[in-house]
Amino acid sequence: MTRIAGIILAGGASRRFGTDKAATLIDGRPMIAHVAGRLNPQVEALAIAGADQTYSLACPLLEDGAHATKGPLAGLAAGLIWALENNFTHVVTAPCDLPLLPSNLVRLLSTQGQTSPAVLKTSRGMEAACAMWPISVFGIVEERLKVGKSLSMMGLLEAAGASVIQVHDDDLDGSFININAPDDLAQL
């Protein structure tokens with residue numbers, strides 16, 4: 001039986017944004033709360049990886065531990081460990097700066113077999129930070145973190161033989177608009 005958990009990746013330094021972008025208020029709520037509100041109904045449980053606060057969300061905080069400076073791969077590793085400990089078979093990742101995250105993301109990612117990672121390809125390209133990962137990829141993730149090279153999510157997807165699912169923008173119930181700088185908020 002497939003059991004899917006959601007992991008919000010929130011360990012970035014927000015250098016381009018200038019302040020903690022996950023805490024930035026959009027319509028009176030932190031940006032990360034918008035992501036959680038869109039991802040939570042799609043998964044059985046939700047956790048935040050890499051953050052040092054809950055942003056008033058009722059979900060576990062997962063520490064990146066020894067890999068704290070190694071980007072989203074560290075958050076994925078923490079999420080996979082937590083998922084394994086809680087009997088999940090897969091995790092779906094989403095960064096904290098996608099407040100319009102498609103509310104049909106998990107359904108779209110689940111159209112392929114669940115034995116390898118799955119990622120969507122949109123008109124913007126591959127959405128590598130928003131992928132479905134079987135727990136079995138943990139060994140590959142851990143090895144990449146230990147070596148300290150090839151830390152990109154895209155590189156991991158390629159190494160793990162991910163299924164690439166082509167979708168049209170009108171297939172998405174939301175968008176992958178990424179908020180990296182304060183000016184990006186105007187896109188919402």
At their closest point, which heavy atom of [X] faces which heavy atom of [Y], and how far apart are they?
X      : Y      : value
Leu73  : Ser150 : CD2-O, 4.1 Å
Ala47  : Leu62  : CB-CD1, 3.7 Å
Ala159 : Arg144 : CB-NH2, 3.0 Å
Asp97  : Met31  : CA-SD, 3.4 Å
Ala160 : Ser116 : O-CB, 4.2 Å
Tyr55  : Pro30  : O-CG, 4.3 Å

How about [X] and [Y]: do any of their side-chain heavy atoms sit closer than 4.5 Å?
X      : Y      : answer
Gln53  : Asp20  : yes
Met153 : Thr93  : yes
Met132 : Leu105 : no
Ile165 : Leu108 : no
Ile7   : Trp133 : no
Leu76  : Leu156 : yes
Leu98  : Asn178 : yes

Any donor and acceptor pair, going by atom type alone, linking the side chain of [X] with main-chain N or O of [Y] inside 3.5 Å?
X      : Y      : answer
Arg3   : Glu44  : no
Asp173 : Asn104 : no
Gln166 : Lys121 : yes
Gln42  : Pro102 : yes

| Partner set under ring pair (Phe, Tyr, Trp, His ring centres under 6.0 Å) for Phe138, not counting sequence neighbours | none

| Taking only residues two or more places apart in sequence or in another chain, which ones pass salt bridge (Lys or Arg N to Asp or Glu O under 4.0 Å) with Arg107? | none

| task | Go through the structure and list residues passing salt bridge (Lys or Arg N to Asp or Glu O under 4.0 Å) with Arg124, not counting sequence neighbours. | result |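 Checked Arg124 against salt bridge (Lys or Arg N to Asp or Glu O under 4.0 Å); matches are Glu127.
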
| request: For a side-chain contact (heavy atoms from CB on, under 4.5 Å) with Val35, tell me which candidate from Ile8, Ile48, Asn40, Leu46 qualifies. | output: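 Between Val35 and the candidates, side-chain contact (heavy atoms from CB on, under 4.5 Å) is satisfied uniquely by Ile8.
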
| field | Asp27, CG atom: more than 12 neighbouring heavy atoms under 6.0 Å | value |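 Open.
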
| message | If you count heavy atoms of other groups shown closer than 6.0 angstrom to CD of Glu142, is the number above 12? | response |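 Yes - once you tally the heavy atoms of other residues, nucleotides and ligands closer than 6.0 Å, there are more than 12.
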
| request: Could you please spell out the steps behind the side chain to side chain contact (heavy atoms under 4.5 Å, CB included) verdict for Thr2 and Ser110? | output: CA-CA 10 Å; Thr2 302; Ser110 298; over 6 Å; no

| Derivation of the side chain to side chain contact (heavy atoms under 4.5 Å, CB included) call for His34 and Leu101 | CA-CA 8 Å; His34 289 270; Leu101 181 78; over 6 Å; no

